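As the structure is a prediction and not an experimental result, all values here were calculated from the model. Counting starts at 1 for both ligands and their atoms, in listed order.
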Amino acid sequence: MYADRIQQLEALQTPCYVYDTQLLARTLDAINAETASYPAYHVHYAIKANANPGVLRQIARAGLGADCVSGGEIRAALDAGFPAESIAFAGVGKADWEIKLALEAGIGMFNVESIEELEVINELATLFNTRARVSFRINPDVGAHTHVNITTGRAENKFGIAKEDMIRVIRSAESMSGIDFKGLHFHIGSQLLVMDDFEALCLRINELQEQLDAAGLYAPNINVGGGLGIDYEQPDEHPIPDFHAYFSTFSRLLQLREGQQLHFELGRAVVAQMGFLLTRVLYVKQATARQFVIVDAGMTELIRPALYDAIHQINNLSADSSAATALYDIVGPICESSDTFVRDYTLPVTRRGDLLAIRSAGAYGETMASCYNCRPLPPAHLI
Ligand SMILES: *Cc1c(COP(=O)(O)O)cnc(C)c1O
């Protein structure tokens, strides 16, 4: 794939990100087509997956809302044209300046993660003579079948409020003059490919809603977070995630109350497949036991392999696909042994100067890039 674009790609300075705006458009169309039959469903794009301004503008134009986890993301969302009312603001550690910024902008929802945070939001909202719309992030204590670094919905994780404390925090919110209680929020983890995890979440929310009913409370909004995964092994076979299976799981299992709105916060599923990291082979090094392809991109551009043991498909765009193959460890130039994209990987026989595409890198790639080793941040190109 993308081999037909080789001339255009050859002209780019590497390493860089390349984003396929057509695939992004098709993905957004697929989301909008699936949710069209559910008027109470609202999809917010999780900015932290990819905050490239061109990408954000395209997603805002498609009508999605935004899910932000910092003041900087709120600014990026507003700059890209997401309406303030469509912005949800989550995070365990919101600083005062971020809360003030969100209040001034008039964002749609604070997803509050502790009673301590609620008190600060109440104080600042009162000072600003306004009321903050608040949902509580409840830790549902359901397991998610994913890498341990990206589970967020277990009791031992730092996120959210214990479900046993739900009624108590809603009652305190109702007594605060700067707070409007608007709903419940959940987010159980990321890169979830089996619907079981979302099914377990639905059943847990049903239980919690019964507790609300019994207490005479009503949550106008339920937000089930994000986490839908993508196929890193076969990006060409599955360029668009199974949004039908995802949304229909909630429609089948989640018992919404009259008038309740259901919110989703998808990040990875929207942008991962539309991006790849373009890198050039610097050296093919024959070591004692292994053969290394050393490329000019490293963990500074794409940290997912080092941080989550992620394996991205890698294509050699310069080699003839009918060429003989060899086994390589594909590594970056950074002074860390974890700066390895993949081991024992089959590529067509690869040479210095070849262009490689590290696939499915549109999410948590550019946004997690760093300047370690005094490297410049990678540019990104929309094609
Ligand atoms: C990261 C995050 C998301 C998006 O997660 P994906 O796995 O990219 O869909 C949604 N909601 C919250 C609160 C998050 O922190």
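- With no hydrogens or angles considered, a side-chain donor-acceptor pair links Arg5 and Gln8 at under 3.5 Å.
- For ligand 1, the atoms lying closer than 4.0 Å to a non-hydrogen atom of Gly226 are 9 (O), 10 (C).
- In this structure, Gly227 counts as a contact residue of ligand 1, since one of its heavy atoms falls inside 4.0 Å of the ligand.
- For atom 7 (O) of ligand 1, the closest heavy atom belonging to the protein is Ser190 OG, 2.3 Å.
- A donor-acceptor pair under 3.5 Å is absent between the side-chain atoms of Asn315 and the main chain of Ala357, judged by distance alone.
- Using a 4.0 Å cut-off to heavy atoms of Arg268, the atoms of ligand 1 that qualify are 6 (P), 8 (O), 9 (O).
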Which is it for Ser172 and Ile115 under the side-chain contact (heavy atoms from CB on, under 4.5 Å) test, yes or no, and what are the steps along the way?
CA-CA 9 Å; Ser172 23; Ile115 190 88; 3.4 Å; yes
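- Considering backbone and side-chain atoms alike, Gln191 places every N or O at 3.5 Å or more from each N or O of ligand 1.
- Under 4.0 Å from ligand 1, not a single heavy atom of Asn111 appears.
- For atom 13 (C) of ligand 1, the closest non-hydrogen atom of the protein is Glu265 OE1, 3.5 Å.
- Using a 4.5 Å heavy-atom threshold, the side chains of Met176 and Arg131 count as separate.
- For residues 42-94, the set of pairs meeting the ring pair (Phe, Tyr, Trp, His ring centres under 6.0 Å) definition, not counting sequence neighbours, comprises His42-His263, His44-His263.
- Asn221 and Ser135 form no side-chain donor-acceptor contact under 3.5 Å, judged by distance and modelled atom types alone.
- In summary, the aromatic rings of Phe264 and Tyr246 are positioned with their centroids under 6.0 Å apart.
- In terms of protein heavy atoms, atom 8 (O) of ligand 1 is closest to Tyr364 OH, 2.6 Å.
- Looking at ligand 1, you won't find any N or O of Leu266 less than 3.5 Å from one of its N or O atoms.
- Between the side chains of Tyr19 and Glu366, at least one donor-acceptor pair of N or O atoms lies under 3.5 Å.
- Counting only heavy atoms of the protein, atom 15 (O) of ligand 1 lies nearest to Lys48 NZ, 2.7 Å.
- For ligand 1, none of its N or O atoms has an N or O atom of Arg137 under 3.5 Å away.
- Taking every non-hydrogen atom of Ala46 and a distance limit under 4.0 Å, the qualifying atoms of ligand 1 come out as 3 (C), 4 (C).
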